**Q** 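I'd like to ask you about the structure that follows.
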Number of protein chains: 2
Amino acid sequence: MTYEQAFRALADPTRRQVLEALQKGPKSVGAIAAGLPVSRPAVSQHLKVLKEAGMVDDKAEGTRRVYYVDPRGLAALRTWLDQFWDQALAEFQRQIEEENQKQKRSDP
Amino acid sequence: MTYEQAFRALADPTRRQVLEALQKGPKSVGAIAAGLPVSRPAVSQHLKVLKEAGMVDDKAEGTRRVYYVDPRGLAALRTWLDQFWDQALAEFQRQIEEENQKQKRSDP
DNA sequence: GCTTACGGTAAGCAATGACTTACGAACAAG
DNA sequence: CTTGTTCGTAAGTCATTGCTTACCGTAAGC
């Protein structure tokens, strides 16, 4: 939901692998774990973190739980990043202007 | 440089505060630490991580070191995020199509 | 030269976190 | 009703990490 949780969620390499696995389509917990070098409970714990970050959601399907990517968490990240990016560029521009001013004063 | 380091760098709240402090303009290490609830060495260590992630750079200025935001690290993050975002939306769309197909088949 | 300001690094510590195995709950199948 | 899958959670372990204090190098000012 918040970008804080999103950053924390994506900081772990295994968690990114889980997300990338789900990106190719919905998968059960066991199916995800089968493609990763960690145990199934580990995947379960990662999915919990990802879900709290709003990056995945799940639906029950018999005794299995099918997880899929939820764009909401990604959207939060994009918002934060875009804002920060714009401000960074603006500040960058301002610094250049400042340099030019100094140059003018010390020039002729 | 890589998005891996960028994610790890931004995962820590204090590190984000450091970055946000620099966003308003270049600052010395001491100046940054003065606005944060942690010690100056802690800030130094955070700046090291941010620099390795390509998100800040510094220039010597007498005995002081002035840090400023480097857009390169942010760019790496944006690239990763945009790609992931596009693929997520595509997969989302595909799932909806799939649902429609099922609906058709079970309908009269 | 001597002192003072500034910042990076080392060492140590407490907290967080990613993983494992073990167990229990829920649904399906026979 | 019993058995077998599938999954979440608890408990414990080991590594990582963010922080502190202490120390050292370096540039500027007297």
Side-chain angles (χ1 to χ4, degrees), chain A residues 1-22 25-70 73 77, chain B residues 1-22 24-70 73:
Chain A
M1 199 92 146
T2 74
Y3 67 87
E4 311 222 11
Q5 293 170 303
F7 273 128
R8 240 187 51 70
L10 289 179
D12 184 69
T14 306
R15 219 135 47 205
R16 282 197 303 270
Q17 287 185 17
V18 169
L19 211 65
E20 286 164 7
L22 287 181
K27 273 193 172 67
S28 70
V29 179
I32 300 172
L36 295 180
V38 296
S39 72
R40 185 194 50 74
V43 172
S44 246
Q45 291 162 5
H46 284 310
L47 285 170
K48 185 179 182 182
V49 175
L50 287 170
K51 187 175 179 181
E52 284 171 357
M55 314 197 70
V56 301
D57 203 355
D58 65 318
K59 53 184 172 186
E61 197 164 279
T63 154
R64 309 198 318 198
R65 312 211 99 199
V66 177
Y67 281 81
Y68 51 93
V69 175
D70 181 355
L77 249 190
Chain B
M1 200 95 142
T2 74
Y3 66 87
E4 311 221 11
Q5 294 171 302
F7 273 128
R8 239 188 54 70
L10 289 179
D12 183 70
T14 307
R15 218 134 50 203
R16 282 198 302 270
Q17 288 185 16
V18 169
L19 210 64
E20 286 165 6
L22 288 180
K24 301 170 191 162
K27 274 194 173 68
S28 70
V29 179
I32 300 172
L36 295 181
V38 296
S39 71
R40 185 195 49 74
V43 172
S44 246
Q45 291 162 5
H46 283 311
L47 285 170
K48 185 178 181 181
V49 175
L50 287 169
K51 186 174 179 181
E52 284 170 356
M55 312 196 70
V56 301
D57 203 355
D58 64 318
K59 53 184 173 186
E61 197 166 280
T63 152
R64 308 198 318 199
R65 312 211 101 203
V66 176
Y67 281 82
Y68 53 91
V69 175
D70 181 355

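Just so you know, these numbers come straight off a predicted model, no measurement behind them. First the proteins, then the strands, lettered A, B, ... as listed; each starts at 1.
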**Q** Can you measure from CG (Leu10(A)) to CG (Leu19(A)) and round to the nearest 0.5 angstrom?
**A**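 So the gap between those two atoms works out to 6.5 Å.
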**Q** List for me each residue that meets side chain to side chain contact (heavy atoms under 4.5 Å, CB included) alongside Lys48(A), sequence neighbours excluded, and say none if there are none.
**A**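 Counting only residues at least two positions away or on another chain, Lys48(A) forms a side chain to side chain contact (heavy atoms under 4.5 Å, CB included) with Glu52(A).
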**Q** Rounded to whole angstroms, how far apart are CD on Gln17(A) and C1' on dA18(C)?
**A**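 About 13 Å, once rounded to whole Å.
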**Q** Would you say dG7(C) has OP1 or OP2 under 4.0 Å from some side-chain N or O of Ser28(B)?
**A**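 Answer yes for this pair, as a side-chain N or O of Ser28(B) is under 4.0 Å from OP1 or OP2.
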**Q** By side chain to side chain contact (heavy atoms under 4.5 Å, CB included), which residues pair with Ala34(B), not counting sequence neighbours?
**A**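 Scan of Ala34(B) (side chain to side chain contact (heavy atoms under 4.5 Å, CB included), adjacent residues dropped) gives none.
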**Q** Apply salt bridge (charged side-chain N to carboxylate O under 4.0 Å, His left out) to Arg64(B) and list each qualifying residue two or more places apart in sequence or on a separate chain.
**A**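 Applying salt bridge (charged side-chain N to carboxylate O under 4.0 Å, His left out) to Arg64(B) gives none.
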**Q** Who are the salt bridge (charged side-chain N to carboxylate O under 4.0 Å, His left out) partners of Arg16(B), not counting sequence neighbours?
**A**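 Only Glu4(A) meet the salt bridge (charged side-chain N to carboxylate O under 4.0 Å, His left out) criterion with Arg16(B).
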**Q** Please report, rounded to the nearest Å, how far the P atom of dG7(C) is from the CZ atom of Arg64(B).
**A**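 Roughly 7 Å, once rounded to whole Å.
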**Q** Between residues 34-44 of chain B and DNA chain C, which residues have a heavy-atom gap below 4.0 Å?
**A**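 Residues of residues 34-44 of chain B that come under 4.0 Å of DNA chain C are, in numerical order, Arg40(B), Pro41(B), Ser44(B).
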**Q** Which pairs with one or both residues in residues 28-42 of chain A pass side chain to side chain donor-acceptor pair (under 3.5 Å), sequence neighbours excluded?
**A**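 Every candidate side chain to side chain donor-acceptor pair (under 3.5 Å) pair involving residues 28-42 of chain A fails, so no pair, neighbours aside, qualifies.
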**Q** Suppose we screen for ring-ring contact (aromatic ring centres under 6.0 Å, His included). Which residues come up paired with Tyr67(B), at least two apart in sequence or across chains?
**A**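 By the ring-ring contact (aromatic ring centres under 6.0 Å, His included) rule, Tyr67(B) matches no residue at all.
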**Q** Starting at the 5' end of nucleotides 24-30 of chain D, put B wherever the base has a protein heavy atom under 4.0 Å, S where only the sugar-phosphate does, and a dash everywhere else.
**A** ---SS--
**Q** Apply salt bridge (charged side-chain N to carboxylate O under 4.0 Å, His left out) to Asp70(A) and list each qualifying residue two or more places apart in sequence or on a separate chain.
**A**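 By the salt bridge (charged side-chain N to carboxylate O under 4.0 Å, His left out) rule, Asp70(A) matches Arg72(A).
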**Q** Among residues at least two apart in sequence or on other chains, which ones pass side chain to side chain contact (heavy atoms under 4.5 Å, CB included) with Val66(A)?
**A**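 Testing Val66(A) for side chain to side chain contact (heavy atoms under 4.5 Å, CB included), a comparison that skips the adjacent residues, returns Pro26(A), Lys59(A), Glu61(A).
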**Q** Which nucleotide sits closest to the side chain of Gln45(A): dC19(C), dG18(D), dG8(D)?
**A**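 Nearest listed nucleotide: dC19(C).
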**Q** Is the shortest side-chain N/O distance from Tyr67(B) to OP1 or OP2 of dG8(C) below 4.0 Å?
**A**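 Affirmative; the distance criterion is met.
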**Q** With Ala21(B), which residues qualify under side chain to side chain contact (heavy atoms under 4.5 Å, CB included), at least two apart?
**A**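 Testing Ala21(B) for side chain to side chain contact (heavy atoms under 4.5 Å, CB included), a comparison that skips the adjacent residues, returns none.
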**Q** Between atom CG in Leu47(B) and atom C1' in dC6(C), what is the gap in whole Å?
**A**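 Rounding to the nearest Å, CG of Leu47(B) and C1' of dC6(C) are 14 Å apart.
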**Q** Would you list the protein and nucleotides 14-17 of chain D atom pairs, both N or O, that sit under 3.5 Å from each other?
**A**
residue : atom : partner : partner atom : Å
dT17(D) : OP1  : Arg8(B) : NH1          : 3.0

